*Asks:* 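Please read through the structure below; I'll follow up with questions.
No experiment lies behind these values; they were computed from the predicted model shown. Whatever order the structure lists ligands and atoms in, that order sets their numbers, starting from 1.
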Amino acid sequence: MPSKQMPPAHPFDDDKLHEECGIFGAVGVKDAANFVALGLHALQHRGQEAGGIVAHDPEQGFNNARRFGYVRDNFTSQKIMETLPGPLAIGHVRYSTAGTKGQTAIRDVQPFFGEFSMGGAAIAHNGNITNANALRRELIERGSIFQSSSDSECIIHLMARSLQRNIPERMEDALRRVEGAFSVVAMTRTKLIGVRDPLGVRPLVLGKVGDGWCLASETCALDIIGAEFLREIEPGEMVVITAERGVESHFPFRPQPSKFCIFEHVYFSRPDSILGGRSVYETREAIGRELAKESPVEADLVCPVPDSGTPAAIGYSLQSGIPYAMGIIRNQYMGRTFIEPTEQIRNMGVRLKLNVNRALIEGKRIILVDDSVVRGTTSRKIKEMILDAGAKEVHFRIASPPTAWPCFYGVDTPQRDKLLAATMTEEEMRDHLAVDSLKFISLDGLYRAVGEAKGRDKGCPQYCDACFSGEYPVQPADMLEQGFELKPAAE
Ligand code: SF4
């Protein structure tokens, strides 16, 4: 039975794409769940709705705790953490994935657990299975009883049906049936397992902590526990880690050119994380520089839309020579205080989160740098606030190309007709936002900024950029079945 229902995790921030999950696992350390809780805390930006931890102790077996809300509000309690003993644990933070968006039941909160003839296993998944509906139908017809509405549960049922003799091999079997994007951390009684899908759409990194090991969505989660960042898990790689034998690596899938999510560089990952050997902050600054080269404009100040627009705004300022200033200040303590706001508070909208620094803005020509425009509702409100504060001109510069297509690989995106760029040209968007100018970085410019000097169409490694280009590296089978129309070949 569904338990407590949660309101949307971003009541004032529904004009952004949201990463839907963060995952973390640790083995070979005392009280591994404590490390997992800290790791998940560092990954909270990837999902704020709910979190869960499963731990294994040789004497007490498997234990789990799943809760709604922030990690810091749940997994800092001694009462909860004492129930999660043992040297091996995995965890998950969640926005809402392919379950019921904004109406998550506790049964949808990961990690999921399954008891097999050779012992138990728990699994936490970041990404989205694009053929989950078909798999679910097939599994139900063959007798599987699902406990949740999550696409990720298919993996547990596919593992249960596999004839392989151990859990890592059953997991390989299961994941070969799965299409889409998946980074997975899983555990048995003795093993920590990490897998990335063959395209490597979502991130996963390996770290060393004391005598133990850990896996995390991003390197910022290694930093918080003092772990050493060893390397990224390769696309298509499975690592099986035990305290005694360390890391064993193999590649169970047919090799394919990688398609890492380019939006991780633009927005999802934390700026202090390392992706592709470079800090996300540096990449975002490079995006700002490219944007300034592609779309210069005369102005007095470059201001970020905080916080995610900040590194790109600094890059734009450095490249253009136009001074950088904090023209908009973020209220850092918004949190979940108003998670169930009244209508009156809701109408205040973006003002609750952002405030204009009037003394800086008045009488100036302002370049506002933001990471993306999704529905355009927040951009419009910010522009109004800037004009109310007496700005002479407002020029928007956007650190990603127009977001014109939904993501089906683990990112919460509005339907296509709700995306501003799907229904309007750039000029129409400028009119709609009523700004003096609006420019997006080009897709080639973005590729240059992330270090792909060869450009978009010339060799590997390349990226998934489907939300900009409409070119999906994996057919979104479930969505096609529901009537979603792909971009015509000639468009
Ligand atoms: S569609 Fe966009 S957000 Fe989704 S994986 Fe591809 S680049 Fe990332």
*Asks:* Using the rule side-chain contact (heavy atoms from CB on, under 4.5 Å), only one of Leu192, Leu222, Ile90, Val185 pairs with Cys214; which is it?
*Replies:*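 The option that passes is Leu222.
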*Asks:* Would you say Leu419 and Thr413 make side-chain contact, with heavy atoms under 4.5 Å?
*Replies:*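 They are in side-chain contact.
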*Asks:* Just jot down the ring pair (Phe, Tyr, Trp, His ring centres under 6.0 Å) partners of Phe408, sequence neighbours excluded, or say none.
*Replies:*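 Scan of Phe408 (ring pair (Phe, Tyr, Trp, His ring centres under 6.0 Å), adjacent residues dropped) gives Tyr472, Phe484.
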*Asks:* What residues, two or more places apart in sequence or in another chain, satisfy side chain to side chain donor-acceptor pair (under 3.5 Å) together with Glu179?
*Replies:*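 Applying side chain to side chain donor-acceptor pair (under 3.5 Å) to Glu179 gives none.
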*Asks:* For Glu290, enumerate each residue passing the salt bridge (charged side-chain N to carboxylate O under 4.0 Å, His left out) test, keeping only those at least two apart in sequence or located in another chain.
*Replies:*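 Partners of Glu290 under the salt bridge (charged side-chain N to carboxylate O under 4.0 Å, His left out) test: Lys293, Arg448.
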*Asks:* Answer yes if the ring centres of Phe263 and Phe468 are under 6.0 angstrom apart, and no otherwise.
*Replies:*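 Ring centres of Phe468 and Phe263 closer than 6.0 Å.
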*Asks:* Please state whether Arg202 comes within less than 4.0 angstrom of ligand 1, counting heavy atoms only.
*Replies:*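 It does; at least one heavy atom falls under 4.0 Å.
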*Asks:* Give me the number of protein N, O or S atoms whose distance to atom 4 (Fe) of ligand 1 is under 2.8 Å.
*Replies:*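 Near atom 4 (Fe) of ligand 1, the number of protein N, O or S atoms below 2.8 Å is 1.
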